[in-house]
Undergrad: 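Quick one: this structure, given as structure tokens, is what I'll be asking you about.
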Amino acid sequence: MFVALRDIRFAKGRFALMGAVVTLITTLVVFLYGLTGGLASAASSAIAGLPADRIVFGAPAGAAPTVSFSNSTVSPAQAAAFAGAPGVVSARPLGLSMTRLTTSEAAATVSVLGTDAGLLPPLKSGAAPADGQLAVGSETAALYHLTPGRQVQVGPAKLTVSGITEQRSYSHAPTVWTTVPTWERLSGQNQPIALALSTSSGSDPGALDNAQGTKTVAVADSLTGINGFDAEQGSLQMIQGFLFVVSALVVGAFFTVWTVQRKPDIAVLKAVGASSGYLVRDALAQAAAVLVGGALLGGSAGAVGGVFASSSVPFDVSVPGVAVPVTVMVLLGLVGAVLAVRRITAVDPLAALGANR
Amino acid sequence: MTLSAVQTRTGLALREVTLTYPDGESRMTALDRVSLEVAPGEFTAVAGPSGSGKSSLLAVAATLLRPDSGQVLLDGQDAGALAESARTALRRERLGIVFQQSNLLASLTAVEQLLVLESVRGGRPRAARQRAEDLLASVGLDGSKQQRRPHQLSGGERQRVNIARALFGSPSVLLVDEPTSALDHERGGQIVDLLAEITRTHRTATVMVTHDRDLLGRVDRVLEMQDGRLR
């Protein structure tokens, strides 16, 4: 890095400009990454956080089952078949619907998840709900001043808060938890929409699906069954992808121009015995210094901004949420730089003696 | 690639070297069966008009061009028989080149122009700093000037850094390309005197290409180049 570092010190303005571009793009990518994670969590944390490994979807009679929480329904016979199958540790019913929660001070849209106590998020206070009761997430409880024992209107029914759980949400609405019979009463449905399976090594969900006319997928794959989840995540990930590509192109363009400007110096260094390998390594070290510096600054700015943003928008602030985009920015930038600095190998050292001899 | 450190210094020898360039559908002969031997400690000038082949001779001797035929021997090693990477190593370890324009790197200080060669050789530049400073002082550039970048130095000072850089690897062959073209007469004379002294003290086989006939009285031997032939 002998020449690389001195070039950076000498051409401070140019490298600062390039570093600033990397910083800004990284900040934007970290913001988008956090927003994508936050929105994913707001859309799906009630399902993604279930202590189960598979979700079973059914379909109304005559229809083929699909991965869709809004179209699925599971009959008691199907539920019983899964519950009694070899390798199935538990097959718990899931009921899901959207409704309105009303207190004396406010009203809000909530997602109601009817299941048994085994699928409840960890309780922070109170107890798991019995029939006629519900458990609410901690943020919901704080927002609407809900405490165990307080009565609230949930859709058509008046329910009593039994406990406070960790916060979960579904389809961007905070989730409240109740029993399946209470959920059936609230939603007007008479059977659950899905099953949450916990399985051991001896289970064969495929065979059960064939026999029962159901579709079983891993919990992570079931999230695509949430309305709008794929479209929302896909759009944000596409923007991230474009930003990564733009970054690689910008870095590649900068180092292409820089390499062309350095051709006389490269020719001299080759003439005095520098190998192409030495010069390429030096140039890549220079690119890495700019990329790592810019990306770390951008990652830090994105993380700090994300902490502030998370109070008003769904934003996932985490170490991977910063480390992954920063790492991808550096790696893709280096790809752009490699394509640019490979021109070094073509520089003729004869040029150091004069171009037209 | 590292060349043998114990190889004997025998200087530069060109034997029956012919070099041609494409010229339309035919080829133009730049060097026509040129033979030349320069012993260690000998300062040889090659003079001639523009287009006579002086620079082609220098490029072939510097292993930057491969001749059509003939041999280029540096300390007895035939450069023509070497692969590209080996020729690069040969330049690194046996050759010093004083360029026409000083060709200094804009981002490096005078002393760093020399230390970069230590980095190129895989050594530790910091450990070679004292040697680089001593070498610069020996060509008349000392004190704070060693910490200046090229644009902060005069033309004569840049040429002295150029010479010190060429000497840094203790080369056995020193090739000098029109060293005074960017200098006034007085400074040009001082630079050639310095090269003559270096040739004696460092025992380099020095070949200087020039069109400035006023300088020729300061060298050991003068060869004339005309239409690609040496006389």
Side-chain angles (χ1 to χ4, degrees), chain A residues 1-19 254-255 257-287 289-290 341-342 344-357, chain B residues 1 21 30 50-51 53-60 62-65 84-85 87-97 99-109 112-126 149-151 162 165-166 168-169 171 175 177-178 181 209:
Chain A
M1 285 189 79
F2 189 89
V3 180
L5 291 178
R6 285 156 181 83
D7 274 351
I8 292 173
R9 205 184 305 154
F10 182 66
K12 290 186 201 80
R14 270 174 283 186
F15 282 98
L17 189 64
M18 189 62 232
F254 174 81
F255 280 101
V257 173
W258 181 243
T259 304
V260 169
Q261 285 182 343
R262 289 185 65 219
K263 267 187 176 179
D265 286 356
I266 293 165
V268 169
L269 286 168
K270 280 189 167 184
V272 298
S275 66
S276 290
Y278 170 88
L279 294 167
V280 167
R281 282 195 300 278
D282 192 71
L284 285 180
Q286 190 173 61
V290 173
V341 303
R342 71 197 156 97
I344 285 172
T345 60
V347 174
D348 188 348
L350 185 62
L353 285 181
N356 49 5
R357 290 175 190 278
Chain B
M1 177 188 165
Y21 293 119
S50 293
K54 303 188 300 291
S55 296
S56 294
L57 175 76
L58 203 72
V60 167
T63 76
L64 298 174
L65 275 179
E84 191 58 47
S85 59
R87 288 199 298 162
T88 302
L90 190 67
R91 283 199 298 277
R92 194 160 58 228
E93 298 181 15
R94 299 279 165 190
L95 263 178
I97 303 174
F99 297 99
Q100 180 176 2
Q101 304 299 324
S102 56
N103 280 355
L104 301 178
L105 277 64
S107 62
L108 306 186
T109 64
E112 287 169 347
Q113 306 284 344
L114 278 61
L115 295 179
V116 69
L117 300 184
E118 190 66 18
S119 170
V120 163
R121 289 186 172 91
R124 291 172 50 232
R126 193 172 293 180
R149 293 202 171 92
H151 70 276
N162 191 10
R165 178 175 63 182
F168 185 71
L175 302 175
D177 185 14
E178 303 273 12
S181 64
V209 159

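Naming convention: chains lettered A, B, ... in sequence-line order (proteins, then strands); numbering from 1 in each chain.
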Undergrad: Look at B/Arg87 together with B/Glu84 and state whether they make a salt bridge at an N to O cut-off of under 4.0 Å.
TA: yes
Undergrad: For the CG atom of B/Leu64 and the CZ atom of B/Arg91, what is their distance to the nearest 0.5 Å?
TA: 5.0 Å
Undergrad: With a 4.5 angstrom heavy-atom cut-off, could you sort out which part of B/Glu118 is near chain A: side chain, backbone, both or neither?
TA: neither
Undergrad: Given heavy-atom pairs under 4.5 angstrom as the criterion, report whether the side chain, backbone, both or neither of B/Arg121 touches chain A.
TA: neither
Undergrad: For the CZ atom on B/Arg126, are there more than 12 heavy atoms of other groups (residues, nucleotides or ligands in this structure) within a distance under 6.0 Å?
TA: no
Undergrad: Pick from A/Ser275, A/Ala267, A/Ser276, A/Ala271: which one has the most heavy-atom pairs with chain B under 4.5 Å?
TA: A/Ala271
Undergrad: Closest heavy-atom contact between A/Lys270 and A/Thr345?
TA: NZ-O, 3.2 Å
Undergrad: Kindly give the heavy-atom pair with the smallest separation between A/Gln286 and A/Ala4, and that separation in Å.
TA: NE2-O, 3.1 Å
Undergrad: Heavy-atom pairs under 4.5 Å with chain A are the metric here; pick the option from B/Val116, B/Thr63, B/Ile97 that has the most.
TA: B/Val116
Undergrad: With only heavy atoms counted, which part of A/Pro349 is less than 4.5 Å from chain B, the side chain, the backbone, both or neither?
TA: both
Undergrad: Given a strict heavy-atom distance threshold of 4.5 Å, which part of B/Ala106 is in contact with chain A: side chain, backbone, both, or neither?
TA: both
Undergrad: At a heavy-atom separation under 4.5 Å, does A/Leu269 approach chain B through its side chain, its backbone, both, or neither?
TA: side chain
Undergrad: Fit a plane to each ring of A/Trp258 and A/Phe15, take the angle between them on a 0 to 90° scale, and name the class: parallel (under 30°), tilted (30 to 60°) or perpendicular (over 60°).
TA: perpendicular
